Structures are given as structure tokens and as C-alpha cells.
Amino acid sequence: MKMETRYAHSPEDIRHYSTEKLREEFLIEEIFTPGKVCLTYTHNDRMIFGGVTPTDKALSIKLSTELGVDYFLERRELGVINIGGPGSIIIDGQEDKMVKQDGYYIGKETKNVEFTSDDVNNPAKFYCVSVPAHKKYPNVKIAIADITPMETGEQKTLNERKIHQYIHPNVCESCQLQMGYTVLAEGSSWNTMPCHTHERRMETYLYFDMDPDTRVFHFLGTPDETKHLVMGNEQATISPSWSIHTGVGTSNYTFIWAMCGENITYTDMDMVPMSELK
Ligand SMILES: O=C(O)C(=O)C[C@H](O)C(=O)CO
Ligand SMILES: [Zn+2]
């Protein structure tokens with residue numbers, strides 16, 4: 001298992017960052033490695049996120065001394081979405097099949113979570129996000145078949161997309177985790193534009209379902225001083241609460257967003273007027 005630490009920044013810190021330094025601090029290039037658990041611990045609200053890619057044997061997230069606890073979910077909750085081949089999640093001995101786009105909310109105090117793939121040649125890719133939690137809520141499987149996506153954006157503004165809310169008060173309870181899956185329509189390339197910040201929550205983005213040569217130009221920074229990261233398939237980025245987070249692709253793509261902070265009100269965003277973007 002690999003876990004990398006990323007510390008937090010103020011807007012002032014990144015003002016003079018080179019491209020290389022910006023990438024070192026905000027971009028995670030390796031998420032899914034066959035047979036491995038690859039995680040990142042960001043000090044932005046202490047979110048842990050990354051990929052679990054089982055092949056011929058089950059994998060689990062084993063973190064205890066790193067978090068000063070006896071087991072991973074002793075004081076945390078976990079959201080999972082499979083973006084790969086079919087597999088299973090086994091929670092305290094009970095197995096649930098997980099096809100592509102199926103998700104799971106796994107509450108605090110769940111002791112044993114294992115991940116498996118049905119086919120080593122087409123492994124499941126479990127994208128996992130965990131945040132601190134102070135109350136135990138029930139474990140809930142969130143099947144893609146049960147989600148009605150929110151349709152938003154328009155073709156003429158190149159941002160027609162479907163937002164699937166997985167961990168959201170309408171679907172299941174959580175302490176502070178929110179998680180979802182946004183699919184851009186063919187011909188659309190902008191996500192969340194007009195863009196927003198939310199001082200009260202941080203967010204991470206995983207971009208995927210992209211051809212090898214497709215790139216997303218992901219924008220970050222304060223509205224009046226934006227910067228960008230050029231991102232490839234299955235790469236992730238950290239968005240501090242003060243930062244905008246939007247992106248434009250050289251083709252359409254999909255992304256998983258996950259947030260935590262003061263509230264679980266999805267619409268609590270500070271929209272940025274176009275005239276303020278620089
Ligand atoms: O396409 C979108 O718009 C999104 O998916 C936006 C994210 O959900 C988000 O940034 C929530 O704060
Ligand atoms: Zn946001």
C-alpha cells in the first residue's frame with residue numbers, strides 16, 4: 001500500500017509556483033495500479049482518497065498507526081465508486097457485487113472492508129474517498145441503476161452534462177462526505193462553468209473515461225488569478241476551499257467529485273461572475 005501526504009496552502013503560497021511545483025502540490029498522477037492500493041492524504045480537511053485495484057487477490061485499506069487508531073474506519077467514513085470492471089466489496093464477511101458506476105457508503109466503525117475483481121484482465125477500479133466522521137451511519141450500496149441524474153448545462157455553451165449524486169442527503173446519510181459522478185455529453189467540454197468556490201468545503205476531482213490523447217485543462221486558484229494543470233486519464237487533483245475548480249477537455253470526459261467540510265448542502269457554492277475571472 002502506498003500513501004502520499006500533501007500539505008495545505010494559502011492562496012498567497014501558489015502565486016509564484018512554477019508549472020512543476022503546481023503539479024507536485026495539486027496533481028496526483030497515479031491512482032489505479034493493478035494489485036495495489038494507492039492513496040493520498042491531503043491536509044485540506046484530512047481527506048484520504050485514491051484507488052484500490054484488486055487483481056488475483058482481495059485488497060483492503062490498512063491504516064492504523066498513520067491515523068493513530070486501531071483500524072481505518074474507527075473515526076472515519078468512506079465513499080467508494082467502481083470505475084473499472086466488475087468486482088465485489090466484502091463488508092464484515094458480506095459480499096456485494098459492484099459493476100462499473102456502482103457506489104457504496106461505508107460508515108464509521110466498519111471493521112473489515114475487502115475489495116475484489118471478477119477478472120484479473122479487466123480489474124475493478126475502486127475510487128475511494130474517506131473523511132473524518134463522528135457518528136456511525138448505516139452502510140448503503142448505491143447502485144447506478146437507482147440514481148436519477150440531474151441534467152444541467154447546454155450544448156451551445158459546451159457544458160451539457162449529467163450529475164449523478166451518490167453520497168447526498170437524498171440518497172444516504174453521511175457526516176460530512178459528499179460524492180458524485182458527472183458525465184459530459186459528446187461535444188461538451190466544460191465542467192461546472194460558470195465556476196464557483198465554496199469557502200466552507202474542500203473538493204477533489206478524479207478525471208477518467210478519457211482516450212489516451214485526451215487532456216483536461218483543470219483550472220484552480222482564486223478567481224482573479226487562475227492557474228491550470230494539464231491532466232490525463234485517471235488523474236486526480238485537490239481543490240482547496242478558496243480555489244475555483246473547473247476544467248475544459250479536448251474531448252468529453254467523466255469525473256468524480258468528492259467534498260467535505262462544514263456542511264452537506266450541495267448547493268452551498270459561491271458562484272463567480274464571469275467578469276471576475278482573470
Ligand atoms: O459538473 C458539475 O457542475 C459538477 O459536478 C460540479 C461539482 O459537483 C462541484 O463542484 C460541487 O461543488
Ligand atoms: Zn465545487
Side-chain angles (χ1 to χ4, degrees), residues 8-9 11 26 28 42 44-45 47 49 79 81 83 101 103 105 127 129 131 142 144 147-172 174 176-210 214 216-223 226-229 231 234-274 276-277:
H9 307 83
F26 292 98
I28 296 89
T42 167
N44 281 286
D45 286 299
M47 181 182 275
F49 62 102
I81 301 177
I83 67 153
Q101 287 188 264
Y105 171 80
Y127 184 62
V129 180
V131 298
I142 306 149
I144 180 63
I147 300 178
T148 308
M150 234 164 73
E151 303 205 3
T152 189
E154 287 181 77
Q155 213 237 313
K156 68 175 185 200
T157 46
L158 311 178
N159 66 350
E160 187 185 350
R161 60 202 193 281
K162 288 185 179 165
I163 303 180
H164 303 73
Q165 291 170 317
Y166 282 70
I167 300 178
H168 178 278
N170 291 344
V171 179
C172 66
S174 69
Q176 54 166 344
L177 183 61
Q178 285 183 81
M179 199 168 171
Y181 194 113
T182 300
V183 184
L184 272 81
E186 217 175 284
S188 280
S189 53
W190 281 99
N191 70 68
T192 201
M193 180 51 76
C195 66
H196 62 271
T197 57
H198 25 69
E199 258 315 304
R200 298 151 297 278
R201 289 197 302 263
M202 60 78 73
E203 191 159 358
T204 47
Y205 267 38
L206 167 76
Y207 288 107
F208 61 101
D209 278 353
M210 291 157 59
T214 296
V216 171
F217 288 68
H218 176 90
F219 294 91
L220 67 159
T222 53
T226 63
K227 309 214 171 264
H228 73 268
L229 296 168
M231 297 181 57
E234 298 183 353
Q235 296 188 340
T237 183
I238 301 162
S239 181
S241 56
W242 47 264
S243 176
I244 62 154
H245 41 280
T246 181
V248 61
T250 55
S251 181
N252 59 324
Y253 54 90
T254 302
F255 66 100
I256 291 176
W257 42 271
M259 300 188 273
C260 78
E262 297 292 347
N263 63 49
I264 49 170
T265 309
Y266 178 79
T267 50
D268 179 21
M269 300 172 189
D270 302 313
M271 300 311 290
V272 177
M274 285 302 205
E276 284 180 18
L277 283 178

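Order of appearance sets the numbers: ligands from 1, and atoms from 1 within every ligand. Residue numbers count from 1 along this sequence. Not measured: the values here are computed from a predicted model.
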Between Gln101 and Tyr166, is the side chain to side chain contact (heavy atoms under 4.5 Å, CB included) condition met? List the steps. CA-CA 10 Å; Gln101 287 188 264; Tyr166 282 70; 3.7 Å; yes
Quick one, Tyr266 with Trp257, criterion ring-ring contact (aromatic ring centres under 6.0 Å, His included). Give me CA distance, side-chain angles, the key distance, then yes/no. CA-CA 11 Å; Tyr266 178 79; Trp257 42 271; 5.2 Å; yes
Compile the protein residues with any heavy atom at a distance under 4.0 Å from an atom of ligand 1; present them by chain, then by number. Arg161, Ile163, Thr182, Thr192, His196, His198, Glu203, Tyr205, His245, Phe255, Trp257, Met259, Tyr266, Met269
Would you say Lys227 has more than 12 foreign heavy atoms packed within less than 6.0 Å of its NZ? yes
Side-chain donor-acceptor pairs under 3.5 Å in residues 147-154, sequence neighbours left out?
none

How about Phe26 and His218: are their ring centres within less than 6.0 Å of each other? no
Between Glu203 and His198, does a side-chain hydrogen bond (donor to acceptor under 3.5 Å, both in side chains) hold up when you go through it step by step? CA-CA 9 Å; Glu203 191 159 358; His198 25 69; 2.8 Å; yes
Under the side-chain hydrogen bond (donor to acceptor under 3.5 Å, both in side chains) test, residues paired with Asn263 that sit two or more places apart: Arg201, Asp268
The test is ring-ring contact (aromatic ring centres under 6.0 Å, His included); show your working for Tyr207 and Tyr205 and say whether it passes. CA-CA 6 Å; Tyr207 288 107; Tyr205 267 38; 5.7 Å; yes
Find out whether Val248 and Val216 are in side-chain contact, i.e. whether some heavy atom of one side chain is under 4.5 Å from a heavy atom of the other. no
Count of N, O or S atoms belonging to protein, less than 2.8 Å from the Zn ion (ligand 2): 4
